[in-house]
Undergrad: 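First, the structure itself, so that you have it in front of you.
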Amino acid sequence: MMHHRTTTMVPPLILCACLLLSGCSVHVRQRDLIRRDPMASATWDGIEFLGFKETEDDNPKPPPVAMTRCFNMTIPLEDAHKLIFATAAQNGWREDNSIGSRTTRAATKKNTAGEMSLFVSTAIIRCEQHPETNLVLTITFG
């Protein structure tokens, strides 16, 4: 009888331990959803992939989860936008024309962890490790 009581306590204890560890945090789940989204690994002719950067969870109040992909575009910007947003549309993203400008365009996608945003920009470039970057694609939650 005592053994049975112990085994019924194990799942709640595991759940509590899991919730206390970062492995079960919302940020880890969001990061996984971003990494598994086809836009996190898509490539296009005329848009050379240089590398990526993810937000860090190493402080008490981490920033929203995001991945920024750095590119060197060798085709006209309008052609790059057509290629990228065609791929995004095929993968469930909806372009958000209220955010659009010549230098930055956006799309959104809903999933089980909330709404993700995708930004494609030639103006806001945070790819210090790749100075030749002239186009970024950022996927974020929030």
Side-chain angles (χ1 to χ4, degrees), residues 3-142:
H3 182 266
H4 180 13
R5 183 178 302 168
T6 307
T7 56
T8 59
M9 289 298 293
V10 171
L13 289 174
I14 291 172
L15 178 61
C16 289
C18 190
L19 291 173
L20 291 173
L21 298 172
S22 64
C24 294
S25 75
V26 170
H27 279 211
V28 170
R29 186 162 166 248
Q30 290 176 342
R31 188 175 317 283
D32 186 54
L33 286 167
I34 288 174
R35 287 176 180 165
R36 285 191 285 129
D37 191 273
M39 295 305 289
S41 59
T43 58
W44 303 273
D45 289 337
I47 307 172
E48 177 191 3
F49 175 67
L50 302 172
F52 73 97
K53 178 176 162 181
E54 293 182 313
T55 52
E56 302 292 328
D57 288 343
D58 58 359
N59 61 35
K61 198 168 182 194
V65 175
M67 172 192 283
T68 298
R69 301 184 68 212
C70 309
F71 296 92
N72 182 15
M73 165 182 63
T74 57
I75 59 175
L77 178 58
E78 195 52 45
D79 293 344
H81 281 156
K82 284 178 189 171
L83 289 171
I84 293 167
F85 284 94
T87 302
Q90 291 168 3
N91 290 289
W93 291 87
R94 279 191 16 250
E95 189 163 1
D96 183 348
N97 293 318
S98 70
I99 296 175
S101 72
R102 173 153 164 62
T103 59
T104 303
R105 289 175 60 180
T108 59
K109 180 180 188 177
K110 288 184 179 13
N111 62 38
T112 57
E115 186 172 82
M116 293 192 300
S117 297
L118 175 122
F119 298 96
V120 176
S121 181
T122 57
I124 305 165
I125 302 209
R126 296 187 180 106
C127 294
E128 298 84 13
Q129 71 277 31
H130 302 287
E132 66 275 31
T133 300
N134 61 11
L135 178 80
V136 295
L137 182 152
T138 300
I139 304 170
T140 187
F141 272 91

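Just so you know, residue 1 is the first one in the sequence shown, and it goes up from there.
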Undergrad: Output the distance between atom CG (N111) and atom CZ (F141), rounded to the nearest 0.5 Å.
TA: 4.5 Å
Undergrad: If you measure from NE2 on H130 to CD1 on I125, what distance do you get to the nearest 0.5 Å?
TA: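 So the gap between those two atoms works out to 12.5 Å.
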Undergrad: Can you tell me how far apart OG1 (T55) and CD1 (I34) are? Round to the nearest 0.5 Å.
TA: 7.0 Å
Undergrad: Taking side chain to side chain contact (heavy atoms under 4.5 Å, CB included) as the definition, give me every residue that meets it alongside R36, ordered by chain and number, with sequence neighbours left out.
TA: D32, L33
Undergrad: Do T68 side-chain atoms and T138 backbone N/O form a donor-acceptor pair below 3.5 Å?
TA: no
Undergrad: Minimum heavy-atom separation for I139 and A40, please, with both atom names.
TA: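 Distance-wise, the nearest heavy atoms are CD1-N, 3.8 Å.
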Undergrad: Determine the sole option in T133, N134, L135 for which the side chain to side chain contact (heavy atoms under 4.5 Å, CB included) test with N72 is passed.
TA: N134
Undergrad: Going by ring-ring contact (aromatic ring centres under 6.0 Å, His included), name the residues that satisfy it together with W44, two or more places apart in sequence or in a different chain.
TA: F71
Undergrad: Which pairs with one or both residues in residues 65-80 pass salt bridge (Lys or Arg N to Asp or Glu O under 4.0 Å), sequence neighbours excluded?
TA: E78-R105
Undergrad: Suppose we screen for side chain to side chain donor-acceptor pair (under 3.5 Å). Which residues come up paired with S121, at least two apart in sequence or across chains?
TA: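 By the side chain to side chain donor-acceptor pair (under 3.5 Å) rule, S121 matches T104.
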Undergrad: How would you list, by chain and number, every residue that makes a side chain to side chain donor-acceptor pair (under 3.5 Å) with T122, sequence neighbours excluded?
TA: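 Partners of T122 by the side chain to side chain donor-acceptor pair (under 3.5 Å) criterion come out as none, since no residue qualifies.
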Undergrad: Tell me every residue that passes side chain to side chain donor-acceptor pair (under 3.5 Å) with T43, counting only those two or more places apart in sequence or in another chain.
TA: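 Applying side chain to side chain donor-acceptor pair (under 3.5 Å) to T43 gives none.
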Undergrad: Test of understanding: with salt bridge (Lys or Arg N to Asp or Glu O under 4.0 Å), list the residues that count as partners of E48, not counting sequence neighbours.
TA: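 None.
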Undergrad: Checking S117 now: which residues fulfil side chain to side chain contact (heavy atoms under 4.5 Å, CB included) with it, not counting sequence neighbours?
TA: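 Result, side chain to side chain contact (heavy atoms under 4.5 Å, CB included) vs S117: T108, F119, T140.
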Undergrad: Can you find a heavy atom in the side chain of Q129 that is under 4.5 Å from one in the side chain of L50?
TA: no
Undergrad: Return the set of residues passing side chain to side chain contact (heavy atoms under 4.5 Å, CB included) with S98 (not counting sequence neighbours), or none when no residue passes.
TA: D96
Undergrad: Indicate yes or no: at least one non-hydrogen side-chain atom of M116 is less than 4.5 angstrom from one of W93.
TA: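 M116 reaches W93 side chain to side chain.
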Undergrad: Salt bridge (Lys or Arg N to Asp or Glu O under 4.0 Å): which pairs involve residues 106-120, sequence neighbours left out?
TA: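 Sorted pair list: D37-K109, K110-E115.
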Undergrad: With rounding to the nearest 0.5 angstrom, report the CG to CD1 distance, L118 to I84.
TA: 8.0 Å
Undergrad: Just verifying a value: how many Å separate T112 OG1 and Q30 CD, rounded to the nearest 0.5 Å?
TA: 9.5 Å
Undergrad: Angle class for the F49/F52 ring planes (parallel below 30°, perpendicular above 60°, tilted otherwise)?
TA: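 Judged by the thresholds at 30° and 60°, the geometry between F49 and F52 is parallel.
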Undergrad: Do any pairs count as a disulfide (SG to SG under 2.5 Å) and have a residue in residues 70-142, sequence neighbours left out, and if so which ones?
TA: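 Qualifying pairs, neighbours excluded: C70-C127.
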Undergrad: What heavy-atom pair brings M73 and A80 nearest, and what distance separates the two atoms?
TA: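 Minimum heavy-atom contact is SD-CB, 3.6 Å.
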Undergrad: Nearest heavy-atom pair of R102 and H81: which atoms, and what distance?
TA: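 The answer is O-CE1, 3.6 Å.
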Undergrad: Give me each pair satisfying salt bridge (Lys or Arg N to Asp or Glu O under 4.0 Å) with a member in residues 116-139, each pair once, sequence neighbours excluded.
TA: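 For residues 116-139, and leaving out neighbouring residues, the salt bridge (Lys or Arg N to Asp or Glu O under 4.0 Å) pairs sorted by first residue read K53-E128.
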